[in-house]
Amino acid sequence: MLVLMCSNATEQDIERVANLLESKGFRPLVSHGEARTVVHAIGIVEIDQRDLELLPGVDEVVKLTTNYKLAARASQGVDTVIEVNGVKFGGKYTGLIAGPCTIESYDQVDKTAQELKDSNVKIIRGGAFKPRTSPYAFQGLGEEGLKIIRSVADNHGMAVASEIMEVSQLEMFEKYVDILQIGARNMQNFNLLREVGRAHKPVILKRGLSSTYEEWLMSAEYIMAGGNNQVILCERGIRTFEKFTRNTLDLTAIPVIKKLSHLPIIVDPSHATGLRDKVEPMSRAAVAAGCDGLIIEVHYDPDSAICDGAQSLYPLQYQELYKQIKQIAPIIGKEIL
Ligand code: PEP
Ligand code: MN
């Protein structure tokens, strides 16, 4: 951050600025130019810019760096690559996660897993605690659901990704789950972000329904500030004026996030589109745009699904899609293991 002083600022004014910066934890560096004096604020601290702007002799405060430091591309030279059960997300790798929206029964998860295994799926998704818009809709099987998906995954040599909704659930999730998912509706649940920041498991951080890239990266920063660097960002569609699709998939997020951050970014075309026949083309597009992974809803029998059947692929559709994206990825220098 730079504090540009007015040309008639006094030594006292400059000293006041330097003192305030120092008291907030910055290292102030004063440079006297020909036209005016500039005070450089060096350090990773949060300050309300207005506190400086209000001081006498201050002309303008210019923010040079982003608010997110650990998540910023500038903070490390190489892409973060996150590996779970032999699947890699980030760098030159595109990782895949598939499974039902919600865990309904042992039989349902098992049948789905068996189908997915044929398509080389090594990480299965499935919600046990569901953030439903209506309090009357199925809320998930809770811990029983986590036990089911863990047991099925173990039988098939798979890892598990599931959504955590509350701070108090972390201990339970650490027992059953390999990847913690923070849903779109909880992207700014700062207490939850802090809590998973203390966990030793990768976190999928979904983009909030109306969140900007900066807000999303600030949420990632919350997790990283707690010591957990294994954050996978997930673009899952944002809310726009368009009602035809469930959300609007913002594929521009891929190149933008890649420029701003070293963290992997995956795409959820299921919640982004809400329509099965739109999931395949948008998956292909996301891989072509360089995403670091996909998380896709697949159900062994979508027509009988309790939740999100209309956007869940049939296993055969997933199999076909897998073959296609395996071919697309190498064109842009990516690899699906
Ligand atoms: C989900 O993945 O099950 C889910 C609820 O997604 P989102 O948080 O993106 O709506
Ligand atoms: Mn769903």
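Everything quoted here is computed from the prediction, not taken from an experiment. Counting starts at 1 for both ligands and their atoms, following the listed order. Values below: every heavy atom of this structure, side chains too, minus hydrogens, waters and symmetry copies.
Between the SG atom of C101 and the OD2 atom of D308, the angle centred on the Mn ion (ligand 2) amounts to 100° when rounded to 10°.
Here is the list of ligand 1 atoms found below 4.0 Å of a heavy atom in R236: 7 (P), 9 (O), 10 (O). Taking every non-hydrogen atom of G183 and a distance limit under 4.0 Å, the qualifying atoms of ligand 1 come out as 8 (O). Of all atoms in ligand 1, numbered sequentially from 1 with element shown, those under 4.0 Å from a heavy atom of K206 are 1 (C), 2 (O), 4 (C), 6 (O), 7 (P), 8 (O), 9 (O).
At least one N, O or S atom of H271, from either the backbone or the side chain, sits less than 2.8 Å from the Mn ion (ligand 2).
In this structure a side-chain-to-backbone donor-acceptor pair under 3.5 Å is missing from D308 to Q311. A donor-acceptor contact shorter than 3.5 Å links the side chain of N85 to the backbone of G157. S75 places a side-chain N or O within 3.5 Å of a backbone atom of L70 that can act as its donor or acceptor partner.
Note: an N/O pair closer than 3.5 Å links A184 and ligand 1 by distance alone.
At least one heavy atom of K130 lies less than 4.0 angstrom from ligand 1.
At a threshold of 4.0 Å, the pair D268-R207 does not count as salt-bridged, since none of the basic side-chain nitrogens sits closer than that to a carboxylate oxygen. Look at E235 and K206 and you find no salt bridge, because none of the NZ, NE, NH1 or NH2 atoms lies under 4.0 Å from a carboxylate O.
Partner of E297 under the side chain to side chain contact (heavy atoms under 4.5 Å, CB included) criterion, out of P302, S270, C307: S270 alone.
Note on E297: its N/O/S atom closest to the Mn ion (ligand 2) is OE2.
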